[in-house]
Asks: 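Before I ask anything, let me first share the structure, which is written out below as structure tokens.
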Amino acid sequence: MLPSEQRNVILVVNDDLAQWALGCYGNAEIHTPTLDYLAATGVQMDNAFTPTPVCSPARACLLTGRLASQHGIHDYLSSTIPAIHRRPWLKDEVTLAQHLSRAGYQTAHCGKWHLGNDDQPQAGFEYWFSGVGDYPAEHGGDHRFSLNGEIQTISGQRTPVITDKAIEFLRARNGDMPFFLHIGYFGTHNPWRGQPERLAAQYRGNTFAGLLEQPVYPFGEQALESTLPTRREPREALAQYFAAVSHIDEAIGRLLDELVSLNLRDNTLLVFTSDHGLCCGHHGLWGKGNATLPLNMLEESIRVPLIFNQARALTAGQRRKEFVDHLDLFQTIADYAGISEALEADRKYPGRSLLPLLENSAALPSWREMQFCEYGDLRMIRTRQYKLVRRYYHNAPCELFDLLVDPTESHNLFGDPEYLSVVESLTNEIDAYFNCYQDPAKSGLRARELPAHNLTEAWRQVESPRS
């Protein structure tokens, strides 16, 4: 393949960067000019979701193209517990990096990994620069990174440090090979402090409209991030969160400028997304799917930004309404790179490629009108109107929301006799979907039986959460 024919890929996967927190998705109080530009000159997916609203499972879904109930990672993986950190979680999977490496791509990882053994280069990656240590960690100061297995301490803000290494890879790469660059930014993860003052200062006068006055979510007790001391200064925490988003926006601008200077802009697909969403005062909560016990599937937890951009290659200016997720993103990148036929048929990939839509805005035949998510033994289906959340452990409460009349997910219709047929129909869809794809040995319905899983301390050993 000649350089002029190369189809390069940069995949940016942010940590806790919610869909609502970008200007192009309607936030008028945040400054994201680079990402707004990418959305306006590329393809923005307005209904993009994570398969699991917590870090490690979501990242595994994206990199393997398979559900948590297939790859077996059901909660975040702590790097401070050797039984978790040193377990080869993806040994039975073939990641996107491995597929692309086999197809002749030069592959690189820069930033957050969070899938175990982050201090050692992982299969499929030729270049490895990974943050080392548990999360959360301060955003400024000294940080440990693994550069191809050698531990280094680097001072400064992590967002520009990761960008520096990504640019170093771009400059030093083999120009005769296409490349796949996977970038993981930490910036929007808690602690919500320590962002550059020049950025945080511009947000302290924000109104943060609608974020600080919402009633508290009534279907669970607050947990983890939702109990942090930053709750006592929510305006400052929001200013820091917004500053982190703007810092990432600046980093993407640096990457774009580098692509232009290296004459790579026209043959490089840039994909911008996040592992999952985040509540920052929404529903009176802070955090994602594990911000409550029982775990939640709130819109702010499951919605992610998803932007595709490639100069003069995609049908620009599209804002698409299809339901898509990271499983579809896996297939799209594989299709773009020309390796779809190399994917193992027996792995039963749930996703579908969006490439026809990106390249010529072609209609996607028989595209689904529902989205599925899971978190341990919690499973969800979302249609254009309804969201059904089913919890499968003993006496666990369930929820049904009519999102057209109740977008804040405040009124549980699950026990209403008028909606029994809706619950039955959607439950059947959940069962059919997971029965088709899950590996019984790794199913989320067995999540608390599997070794080295937290699942928020197995829901704090509570067998009968409040209903």
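Remember, it's a predicted structure, so these values are computed and weren't measured experimentally. Reckoned from all heavy atoms, side chains included, excluding hydrogens, waters and symmetry mates.
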Asks: How many angstroms lie between OG1 in T230 and CZ in R193, if you round to the nearest 0.5 Å?
Replies: 8.0 Å

Asks: Between Y336 and Q310, do the side chains contain a donor N or O and an acceptor N or O under 3.5 Å apart?
Replies: yes

Asks: To the nearest 0.5 Å, how far apart are CD in Q371 and OG1 in T50?
Replies: 9.0 Å

Asks: Please determine whether side chain to side chain donor-acceptor pair (under 3.5 Å) holds for the pair S130 and D118, giving the CA-CA distance in whole Å, both sets of side-chain angles, and the decisive distance to 0.1 Å.
Replies: CA-CA 6 Å; S130 179; D118 51 24; 5.0 Å; no

Asks: Looking at F323, does the NZ or CZ of R368 lie under 6.0 angstrom from its six-membered ring centre and within 45 degrees of the ring axis?
Replies: no

Asks: Which residue pairs pass the side-chain hydrogen bond (donor to acceptor under 3.5 Å, both in side chains) test with at least one member in residues 278-287, sequence neighbours excluded?
Replies: H283-E300

Asks: In this structure, are over 12 heavy atoms from other groups packed under 6.0 Å from Y437 atom OH?
Replies: yes

Asks: Tell me yes or no: between the side chains of H85 and N117, is some donor less than 3.5 Å from an acceptor?
Replies: no

Asks: Under the side chain to side chain contact (heavy atoms under 4.5 Å, CB included) criterion, do L17 and L278 qualify, and how do the steps go?
Replies: CA-CA 7 Å; L17 202 165; L278 196 72; over 6 Å; no

Asks: Nearest 0.5 Å, what's the CG-CZ distance between L298 and R303?
Replies: 12.0 Å

Asks: Might you confirm whether atom CD of E341 has over 12 heavy atoms from other residues, nucleotides or ligands at distances under 6.0 Å?
Replies: no

Asks: Taking atom types as modelled, is there a side-chain donor on Q98 or S101 under 3.5 Å from an acceptor on the other?
Replies: no

Asks: Going by distance alone, is a donor N or O of one side chain under 3.5 Å from an acceptor N or O of the other, for N190 and E225?
Replies: yes

Asks: Could you state the interatomic distance from CD (E359) to CG (L269), rounded to the nearest 0.5 Å?
Replies: 9.0 Å

Asks: Does the plane of the ring in H109 sit parallel, tilted or perpendicular to the ring in W113? Use 30° and 60° as the thresholds.
Replies: perpendicular

Asks: Answer yes or no: is there an ion pair linking R390 with E399, defined by an N-O contact shorter than 4.0 Å?
Replies: no

Asks: When you compare the side chain of Y241 with that of I30, does any pair of heavy atoms fall below 4.5 Å?
Replies: no

Asks: What distance do Y185 atom OH and I248 atom CD1 have between them, rounded to the nearest 0.5 Å?
Replies: 8.0 Å

Asks: Looking at F179 versus Y105, is the centre-to-centre ring distance below 6.0 Å?
Replies: no

Asks: Do we see a donor-acceptor contact under 3.5 Å between the side chains of S146 and Q120?
Replies: no

Asks: Verify the distance criterion only: is there a donor paired with an acceptor across the side chains of D249 and T34 at less than 3.5 Å?
Replies: yes

Asks: Quick one: do L90 and L63 satisfy side chain to side chain contact (heavy atoms under 4.5 Å, CB included)? Show the steps, please.
Replies: CA-CA 10 Å; L90 297 179; L63 288 173; 5.5 Å; no

Asks: Charged N to carboxylate O below 4.0 Å: is that the case for E168 and R171?
Replies: no

Asks: Using a 6.0 Å distance limit plus a 45 degree cone around the ring axis, check whether K387 lies over the aromatic ring of F401.
Replies: no

Asks: May I ask you to test the Q157-Q195 pair for a side-chain heavy-atom distance under 4.5 Å?
Replies: yes

Asks: Could you verify whether a donor N or O on one side chain and an acceptor N or O on the other, from N8 and R265, lie under 3.5 Å apart?
Replies: no

Asks: Rounded to the nearest 0.5 Å, what's the gap from CZ on F49 to CG on D325? Could you check?
Replies: 9.0 Å

Asks: Please determine if R379 forms a cation-pi arrangement with F434, meaning its NZ or CZ atom is less than 6.0 Å from the six-membered ring centre and no more than 45° off the ring axis.
Replies: yes

Asks: So, R391 and D377, do they make that salt bridge, N to O below 4.0 Å?
Replies: no

Asks: If only side-chain N and O atoms count, and only distance matters, is there a donor-acceptor pair under 3.5 Å linking R7 with N267?
Replies: no

Asks: Is the ring centre of Y127 less than 6.0 Å from the ring centre of F129?
Replies: no

Asks: On the 0 to 90° scale, with breaks at 30° and 60°, tag the F125-H182 ring pair as parallel, tilted or perpendicular.
Replies: tilted

Asks: How would you list, by chain and number, every residue that makes a side-chain hydrogen bond (donor to acceptor under 3.5 Å, both in side chains) with S353, sequence neighbours excluded?
Replies: D335

Asks: Hey, are Q438 and S443 close enough side-chain-wise for a donor-acceptor pair under 3.5 Å?
Replies: yes

Asks: Among L11, L343, T64, L62, whose side chain to side chain contact (heavy atoms under 4.5 Å, CB included) with F330 holds?
Replies: L343

Asks: So, are D15 and K112 salt-bridged, with charged N and O less than 4.0 Å apart?
Replies: yes

